[in-house]
Number of protein chains: 2
Amino acid sequence: MGEILNISRKEQIVDRAAKLFKQKGFAATSMRDLAAELGIEAASIYYHFKSKEELLEKVCFDMADKFITNAREVNDIYFNAEEKLRMAIKFHIETITENQNQSSVFLSEWRNLSEPKLKLFRQLRQQYENQFTIILADGEKEDIFDDVDKKFAVLSILSTINFINEWYKVSLIRLCMISV
Amino acid sequence: MGEILNISRKEQIVDRAAKLFKQKGFAATSMRDLAAELGIEAASIYYHFKSKEELLEKVCFDMADKFITNAREVNDIYFNAEEKLRMAIKFHIETITENQNQSSVFLSEWRNLSEPKLKLFRQLRQQYENQFTIILADGEKEDIFDDVDKKFAVLSILSTINFINEWYKVSLIRLCMISV
DNA sequence: CCTACCGATCGGTAGG
DNA sequence: CCTACCGATCGGTAGG
């Protein structure tokens, strides 16, 4: 029971941390800022997390997990490359729009990670991008996609959909979802 | 003479500041980091600039100036909306690729500005975006562009070309420039 | 989860 | 441009 309360408290802290990291940036957010947001003292956060960086790691790697899990699911379930690409994009957009604060941190604040974790993060992101590269290569084999520079194409696709996070407001509904 | 040396020193400081702000983020860059980069003491920077924020303002507003000047030039010289759009994009890309560090700061670190300047910055950026909106509206009147959501179209265009800053390496030439 | 506190580092100033 | 230094704030710890 204490356990259950504890878990949700941890989640609440991560949630607020993501909000502040997005708003002010990781470096400009102090543990005192975060504590004030939670209505507790800064020292109390250290009962749940051992450092400020651990909070950043949690957000970044949880998001990386979500993205990679989605990509694997796509490659497991769907067969046609066009369908795969469509679903991969759809999952990506859903993940972003359902986790806007965490997505901003994943997209912009990850570089504040320090070294062993920073390298790991880059690897996971690369893994995710590779899933898209594979889909494009499949599509080329299936003769439904042109032979393009895959690395560039993947970065273009991702940057375009990541841009959604800059204008999408939850209140503005899933307008674009309908047409997917 | 001392004046001339002074000016170039100021420019050198701004240049290195932009480099570090891009690399580590504004908040995570200390005046001591910047001083080390310049081979001087932190206190010495305050002979040239009155605060750390002044450095950020210099970078952000110099870039805003460049973008807006470009947009005005386009609207002064060219007549056809398609030509205008093409040139506006070309100037934008040139400005970004020729000032990569400063562009990153302009695109990502501006939110570290504090209040009177932050509002001003947002206004300037809006002014620039409006220039693109006008071009799209002109094109619609000239019957060469479709009737689209202009605000969304402008943000899409800019986010797409701003993405260049994330993969473009100066050493990789002006390959894309050729085709513009 | 709090009080009380730490050493380090920060942006910035005085005086030269 | 430097030395010397400041008050404030930072991330984090001890002990309860």
Side-chain angles (χ1 to χ4, degrees), chain A residues 1-21 23-60 105 109-118, chain B residues 1-21 23-60 105 109-118:
Chain A
M1 205 167 81
E3 191 63 7
I4 290 167
L5 285 169
N6 229 19
I7 287 170
S8 80
R9 187 51 158 172
K10 282 191 83 161
E11 280 168 359
Q12 190 194 2
I13 293 172
V14 172
D15 184 71
R16 295 305 175 129
K19 180 188 161 196
L20 291 182
F21 292 168
Q23 226 169 68
K24 318 177 56 162
F26 174 76
T29 302
S30 71
M31 292 301 259
R32 284 155 180 89
D33 290 335
L34 177 55
E37 181 84 16
L38 292 158
I40 59 176
E41 290 301 314
S44 306
I45 300 171
Y46 291 90
Y47 171 73
H48 301 281
F49 296 93
K50 71 175 205 295
S51 68
K52 184 184 170 188
E53 172 139 1
E54 201 190 1
L55 287 166
L56 179 62
E57 291 167 6
K58 185 91 172 80
V59 177
C60 290
V105 175
E109 300 299 324
W110 58 268
R111 64 180 174 154
N112 290 289
L113 291 166
S114 37
E115 225 355 299
K117 299 284 181 175
L118 181 59
Chain B
M1 205 166 85
E3 191 64 5
I4 290 166
L5 284 169
N6 229 17
I7 287 171
S8 79
R9 188 52 156 169
K10 283 191 82 162
E11 279 168 1
Q12 190 195 2
I13 294 172
V14 172
D15 185 70
R16 296 303 174 130
K19 180 188 162 197
L20 290 182
F21 292 167
Q23 225 169 67
K24 319 178 54 161
F26 174 76
T29 302
S30 71
M31 293 301 260
R32 283 156 180 89
D33 290 335
L34 178 54
E37 181 83 15
L38 292 158
I40 59 176
E41 291 302 312
S44 307
I45 300 171
Y46 291 90
Y47 171 74
H48 302 280
F49 296 94
K50 70 176 207 292
S51 68
K52 184 183 170 188
E53 172 139 0
E54 200 189 4
L55 288 166
L56 180 61
E57 290 166 7
K58 186 90 172 78
V59 177
C60 290
V105 175
E109 300 299 323
W110 58 269
R111 64 181 173 152
N112 290 289
L113 291 166
S114 39
E115 225 356 297
K117 299 285 182 175
L118 181 58

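Chain naming here is simple, since letters A, B, ... match the order of the sequence lines and numbering starts at 1 in each.
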*Set of salt bridge (charged side-chain N to carboxylate O under 4.0 Å, His left out) partners for Lys52(B), sequence neighbours left out*: none

*Among all residues two or more places apart in sequence or in another chain, which pass the salt bridge (charged side-chain N to carboxylate O under 4.0 Å, His left out) test with Lys24(A)?*
Asp33(A)

How far does [atom1] of [X] sit from [atom2] of [Y], to the nearest 0.5 angstrom?
X	Y	atom1	atom2	answer
Gln12(B)	Asp15(B)	CD	CG	7.5 Å
Glu53(B)	Glu57(B)	CD	CD	4.5 Å
Glu11(A)	His48(A)	CD	NE2	12.0 Å
Leu55(A)	Phe21(A)	CG	CZ	5.0 Å
Arg16(A)	Leu38(A)	CZ	CG	6.5 Å
Leu113(B)	Leu56(B)	CG	CG	4.5 Å

_Working for side chain to side chain contact (heavy atoms under 4.5 Å, CB included), residues Lys58(A) and Lys10(A)_ = CA-CA 11 Å; Lys58(A) 185 91 172 80; Lys10(A) 282 191 83 161; 5.8 Å; no

*First and last nucleotide of DNA chain D, 5' to 3', lying under 4.0 Å from heavy atoms of chain B*: dC1(D) to dA4(D)

*What are the residues of residues 27-36 of chain A, sorted by number, that bring a heavy atom to within less than 4.0 Å of DNA chain D?*
Thr29(A), Ser30(A), Met31(A), Arg32(A)

*In terms of the nearest nucleotide of DNA chain D, which residue is placed more toward the 5' end: Ala42(A) or Ser44(B)?*
Ser44(B)

*State which residues pass side-chain hydrogen bond (donor to acceptor under 3.5 Å, both in side chains) with Arg111(A); sequence neighbours excluded, sorted by chain then number.*
Glu109(B)

*asked:* Return whichever of Ile40(A) or Phe26(B) has its heavy-atom-nearest nucleotide of DNA chain C closer to the 5' end.
replied: Ile40(A)

_Secondary structure string for DNA chain C (Watson-Crick or G-U under 3.5 angstrom, | for other-strand pairs)_ = ||||||||||||||||

